[in-house]
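Read through the structure below, which is laid out as structure tokens, and then see the notes.
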Amino acid sequence: MHSMPRSADPAAPPIQPARPLGRSLPWLLLAGGAIGLVAAFVLTIEKFTLAIDPTYSPSCSINPVLNCGSVMDTPQAAAFGFPNSLIGIAGFAVVTSIGAAMLAGAVFARWFWAATQFGITAAMIFVHWLIVQSAYEIGALCPYCMAVWAVTVPIFWYVTVRNLDLAVRSPGPRRLVDWLIRNHSIPVTVWFLALITLIAQRFWSYWSTLL
């Protein structure tokens, strides 16, 4: 006699959906962390070189808008009293290590993922503060900083969705999490489009001269 399928038992817990980027999350952390690490490292070298030689023109100073030199020479570039890029080096080194460890088969405890969530949430907030400062206070954009922005958001989003998927069990919130899982690429796409729109609108007076 065949036993009743587990999913047919009303008392059985619902079958969990496939997690977004289940196998790809480690690669995302590894690649995103590596990109952010390289960008932060190069930015640190450029910052120190500029400090030694004020006449030095950073490699990422391309035009009046895409100009690392203008950004480096501001209080916002050292929000905590030292170059922000040093925070990036430390943070992205950790993210890269997590991705590599996961690919090697490591399984982390809940407290570790909670600590990771706290760290990337702080990074997400800091990145958006820097975006506002760059666009509306400094009036210039740093290409290396923008690379950091571009990898921080997907890392934050997919780690957050991964943690929600494992933590949320109540029926109401679970439906929302399931919707986020099914449509996981939408928030990231909307964010990138919003950032592009913001940059285009904020610096349109310059971009229009290139047309």
Output the distance between atom [atom1] ([X]) and atom [atom2] ([Y]), rounded to the nearest 0.5 Å.
X: Leu25; Y: Leu30; atom1: CG; atom2: CG; answer: 11.0 Å
X: Leu29; Y: Tyr158; atom1: CG; atom2: OH; answer: 12.0 Å
X: Tyr144; Y: Leu66; atom1: OH; atom2: CG; answer: 12.0 Å
X: Thr96; Y: Ile155; atom1: OG1; atom2: CD1; answer: 7.5 Å
X: Trp113; Y: Gln117; atom1: CH2; atom2: CD; answer: 9.5 Å
X: Phe48; Y: Asp53; atom1: CZ; atom2: CG; answer: 15.5 Å

Consider only side-chain heavy atoms of I, L, V, M, F, W and Y, link residues closer than 4.5 Å, and tell whether [X] and [Y] are in one cluster.
X: Val95; Y: Val42; answer: no
X: Trp207; Y: Leu198; answer: yes
X: Trp179; Y: Val168; answer: yes
X: Ile196; Y: Ile62; answer: no
X: Ile125; Y: Val132; answer: no

Are [X] and [Y] side-chain neighbours, meaning at least one heavy-atom pair lies under 4.5 Å?
X: Phe82; Y: Ile87; result: yes
X: Ile199; Y: Met146; result: yes
X: Ile98; Y: Phe108; result: yes

message: Can you tell whether the side chains of Asp178 and Arg182 come within less than 4.0 Å, N to carboxylate O?
response: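 Salt bridge absent between Asp178 and Arg182.
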
- request: Before accepting this row, confirm whether a basic side-chain N of the pair Lys47/Asp73 lies closer than 4.0 Å to the acidic partner's carboxylate O.
  value: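 No, this pair does not count.
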
Ignoring hydrogens, what is the shortest heavy-atom contact between [X] and [Y]? Give both atom names and the distance.
X: Val71; Y: Ala140; result: CG2-O, 3.8 Å
X: Gly139; Y: Phe203; result: O-CE2, 3.5 Å
X: Pro154; Y: Val188; result: CG-CG1, 4.3 Å
X: Phe192; Y: Ala150; result: CZ-O, 3.4 Å
X: Ile89; Y: Ala40; result: N-CB, 3.7 Å
X: Trp157; Y: Pro187; result: CZ2-CG, 3.5 Å

Between the side chain of [X] and the main-chain N/O of [Y], is any donor-acceptor distance below 3.5 Å?
X: Asn163; Y: Ala114; result: no
X: Asp165; Y: Val177; result: no
X: Ser134; Y: Ile131; result: no
X: Arg174; Y: Arg169; result: no
X: Asn67; Y: Ser70; result: yes

message: Under the criterion side chain to side chain contact (heavy atoms under 4.5 Å, CB included), I'd like the reasoning laid out for Phe92 against Val151: C-alpha separation, chi angles, the key distance, then a yes or no.
response: CA-CA 10 Å; Phe92 286 116; Val151 296; 3.8 Å; yes

task: With sequence neighbours excluded, give me every disulfide bond (SG atoms under 2.5 Å apart) pair touching residues 136-198.
output: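 For residues 136-198: none.
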
task: Under the disulfide (SG to SG under 2.5 Å) rule, collect the residues that match up with Cys68, sequence neighbours excluded.
output: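 So Cys68 forms a disulfide (SG to SG under 2.5 Å) with Cys60.
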
- prompt: Is there any ring pair (Phe, Tyr, Trp, His ring centres under 6.0 Å) pair reaching into residues 114-134, and which pairs are they, with sequence neighbours excluded?
  reply: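 Found Phe80-Phe126, Phe126-Trp129, His128-Trp191.
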
message: Less than 3.5 Å apart, any donor N or O on the side chain of Thr197 or Gln201 sitting next to an acceptor on the other?
response: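 Distance-only check fails for Thr197 and Gln201.
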
query: Just wondering, are more than 12 heavy atoms of other shown residues or ligands nearer than 6.0 Å to CH2 in Trp27?
result: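 Incorrect, the count does not exceed 12.
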
